[in-house]
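Structure incoming, see below.
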Amino acid sequence: MIDLKYLQNNFDEASARLQKKGVESNTLENLQSLFIQLKEANAAFENARAEQNSMSKLFGQYKQEGKDIAELKAKVDANKEVMAELQEKAREAEEALYTVALAIPNFPDEGVPEGKDEEENVELRKVLEPRSFDFEPKEHWELGEKNGWIDFERGVKLAKSRFSVLRGEAARLERALINFFLDTNRAKGFEELCVPFLNNAAMLQGTGQLPKFGDDLFKIEDEALYLIPTAEVPLTNMYHDEILSEKELPVLMTGYTPCFRKEAGSAGRDTRGMIRQHQFDKVEMVAIAHPDKSDEVFEMMVQNASDILTALGLPHRVVELCGGDLGFSAAKTIDLEVWLPGQNKYREISSISNTRDFQARRAKIRFKDGKQNRFVHTLNGSSLAVGRTLIAIMENYQNADGTIAIPTVLQRYM
RNA sequence: AGACAGGUGGCCGAGCGGUUGAAGGCGCACGCCUGGAACGCGUGUAUAGUUAACGCUAUCGAGGGUUCGAAUCCCUUCCUGUCUGCCA
């Protein structure tokens with residue numbers, strides 16, 4: 001959530017910053033007036049409550065002293081009604097405020113490029129030269145079927161469309177990648193965690209998926225639980241409503257989880273192949289950092305993910321997202337896009353974001369700064385999306401006869 | 001899943017309708033003591049909102065109710081423990 005006090009005190013600046021993300025200034029004006037209304041409603045209610053409290057104290061005194069309480073009782077009863085009304089108003093004001101506030105995205109960082117969609121993202125650098133083929137490189141679905149690696153039909157049979165089955169060497173390669181990623185992250189200082197794949201609503205609100213993006217989540221029937229769309233949710237919320245000591249920072253965590261997404265807004269996109277599935281494996285990095293150090297940690301995370309691609313010999317490029325393409329919670333995001341020769345395109349394989357204190361404020365993750373409690377900065381990034389890495393290996397390591405070589409670094413994992 | 005017992009501050013633990021944000025202890029911080037330490041003594045030690053400030057409001061797992069007044073009584077719910085069932 002954005003800092004409402006900051007909004008109130010620096011309205012024009014805040015409004016200008018959120019314009020990058022396409023938030024209308026009248027939405028913010030509305031938010032600001034709801035905030036002021038809540039404060040007023042709370043003040044009125046709290047005053048009535050204070051009066052009630054002091055009369056109640058008197059009441060006890062009178063009784064002890066054996067004084068007549070009839071008059072006081074009448075006053076207190078009258079005030080009680082007023083108070084109940086004021087309380088209801090305050091409650092309504094609060095609900096109105098949070099309905100709006102929880103749906104406002106994070107401020108983009110100052111340096112984030114202007115732009116309305118992915119077309120205006122900025123390429124920072126390319127890493128590794130794409131290999132040149134002396135034959136027409138095939139797309140991964142063709143290679144997947146030819147090698148018996150991906151069984152699309154049976155995935156659909158078992159579940160529904162956008163599910164698939166990996167078989168034989170592909171299944172082992174998937175597992176090898178997970179292990180390789182986790183080991184690499186661990187070597188960089190990330191603690192490895194194995195977390196629940198179902199999380200409750202409070203956690204999903206903490207990281208920003210709820211309330212606004214519930215349509216993209218699989219919810220468990222008759223349970224207040226959701227299949228996680230990314231390990232960012234459980235890893236970041238490890239410290240939900242906790243206060244860390246400054247010396248614990250940064251907390252670096254990594255974990256493998258499957259991720260489940262309804263892909264509600266993606267009808268018709270990437271329907272062929274394994275690029276966009278309802279279930280996919282991912283190894284995630286999450287950092288909980290001191291506000292002064294989060295930029296440093298961010299760079300380290302980008303470098304780590306890029307290094308993994310390099311180690312696998314996969315050409316990729318590093319792209320900074322423009323304001324319009326930034327996710328809801330992110331203040332700054334760098335995507336890594338891997339080269340897919342079959343598609344003749346760079347495709348997203350990792351997304352690393354600094355959410356600053358946006359998630360921390362929602363999830364109440366703080367640290368002790370002297371006597372004061374302050375919000376931490378939270379960061380997350382894939383290292384990497386496993387299924388897409390598998391695809392990238394298939395397309396980049398394919399031979400003319402359709403067979404696929406295994407990258408050297410993975411051979412000891414197979 | 002069923003039965004019973006519980007959930008109080010960083011931790012342990014008292015309180016079971018009134019001035020209790022909460023005794024006592026431990027821990028922690030600071031000061032005194034010491035050559036330095038331990039011991040001892042003293043002081044302090046939750047979070048959030050609001051206010052220029054004094055202060056006010058909220059929080060004893062969570063939500064609701066009874067009452068002038070709830071940590072204390074009632075209901076719902078979540079969690080923990082023990083036993084039974086089931087299961088990897």
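Worth knowing before you read on, the calculation uses all heavy atoms, side chains too, and leaves out hydrogens, waters and symmetry mates. Numbered from 1 within each chain, the chains take letters A, B, ... in sequence-line order.
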Are A:R186 and A:E192 within salt-bridge range, i.e. N to O under 4.0 Å? yes

Spacing of the C1' atoms in B:U82 and B:C32 (rounded, Å): 50 Å

Could you say whether A:Q61 or A:R374 is positioned toward the 5' end of RNA chain B, judged by the nucleotide with the nearest heavy atom to each? A:Q61

Give A:K364 one of three labels, base, sugar-phosphate or nothing, depending on what nucleic acid heavy atoms sit under 4.0 Å from its own. nothing

Base, sugar-phosphate, or nothing for A:Q52, non-hydrogen atoms under 4.0 angstrom? sugar-phosphate

Upstream residue (5' side of RNA chain B) when A:E51 and A:K39 are each assigned their closest nucleotide: A:K39

Go through A:F152 and A:F163 one step at a time and tell me if the ring pair (Phe, Tyr, Trp, His ring centres under 6.0 Å) criterion holds. CA-CA 7 Å; A:F152 291 105; A:F163 284 89; over 10 Å; no

Ring pair (Phe, Tyr, Trp, His ring centres under 6.0 Å) partners for A:F375, two or more places apart: none

Which ones in residues 198-212 of chain A lie close to RNA chain B, meaning a heavy atom under 4.0 Å from one of its atoms? none

Is the centre of the A:Y226 ring less than 6.0 Å from the centre of the A:F260 ring? no

With sequence neighbours excluded, tell me which residues meet ring pair (Phe, Tyr, Trp, His ring centres under 6.0 Å) with A:H240. none

Charged N to carboxylate O below 4.0 Å: is that the case for A:D295 and A:K332? no

Separation between the C1' atoms of B:G10 and B:A46, rounded to whole Å: 9 Å

Mind checking the P distance from B:A14 to B:G25? Whole angstroms is fine. 15 Å

ring-ring contact (aromatic ring centres under 6.0 Å, His included) contacts touching residues 185-206 of chain A (sequence neighbours left out): none

Atom C1', compared across B:A71 and B:C60: separation rounded to whole Å: 5 Å

Looking only at atom types and distance, does a side-chain atom of A:D151 sit under 3.5 Å from a main-chain N or O of A:R154, one as donor and one as acceptor? yes

Determine all donor-acceptor pairs shorter than 3.5 Å in which one atom belongs to a side chain in residues 102-116 of chain A; sequence neighbours excluded.
residue	atom	partner	partner atom	Å
A:N106	ND2	A:S329	O	3.0
A:N106	ND2	A:T355	O	3.0
A:D109	OD1	A:R356	NE	3.0
A:D109	OD2	A:R356	NE	3.3
A:D109	OD2	A:R356	NH2	2.5

Which residues within residues 75-97 of chain A lie with some heavy atom under 4.0 Å of an atom in RNA chain B? A:V76, A:D77, A:K80

Is a donor on one side and an acceptor on the other found under 3.5 Å between the side chain of A:E395 and the backbone of A:G342? yes

Can you give the first and last nucleotides of RNA chain B, 5' to 3', that have an atom under 4.0 Å from a heavy atom of chain A? B:G18 to B:G69

Would you tabulate the side-chain donor-acceptor contacts of residues 244-251 of chain A under 3.5 Å, counting partners in other chains and residues two or more places apart, or write 'none'?
residue	atom	partner	partner atom	Å
A:S245	OG	A:E248	OE2	3.2
A:E248	OE2	A:S245	N	2.8

Base, sugar-phosphate or nothing for A:A50? Non-hydrogen atoms, less than 4.0 Å. sugar-phosphate

Nearest-angstrom distance, C1' atom, B:U72 to B:U67: 13 Å

In whole Å, what separates the P atom of B:G81 from that of B:U45? 35 Å

For residues 41-52 of chain A, tabulate all N or O donor-acceptor pairs below 3.5 Å that involve a side-chain atom, not counting sequence neighbours.
residue	atom	partner	partner atom	Å
A:N47	ND2	A:A43	O	3.4
A:Q52	OE1	A:N79	ND2	2.7

Run the side-chain donor-acceptor check on residues 210-223 of chain A: report pairs under 3.5 Å with partners two or more places apart or on a different chain.
residue	atom	partner	partner atom	Å
A:D216	OD1	A:E263	N	2.7
A:D216	OD1	A:A264	N	2.9
A:K219	NZ	A:E223	O	2.9

Roughly how many Å apart are B:G31 and B:A37, using the P atom of each and rounding to a whole number? 11 Å

Indicate, with a heavy-atom threshold strictly under 4.0 Å, whether A:N47 touches base, sugar-phosphate, or nothing. nothing

Tell me which pairs pass side chain to side chain donor-acceptor pair (under 3.5 Å) where either residue lies in residues 299-308 of chain A, with sequence neighbours left out. A:N185-A:N304, A:K188-A:N304, A:Q303-A:D307, A:S306-A:H316

Would you measure the distance from the C1' atom in B:C54 across to the matching atom in B:A5 and give it in whole Å? 47 Å

Involving RNA chain B, stems made of at least three consecutive Watson-Crick or G-U pairs, both distances under 3.5 Å: B:1-7 with B:78-84, B:10-12 with B:24-26, B:27-32 with B:40-45, B:46-50 with B:55-59, B:61-65 with B:73-77

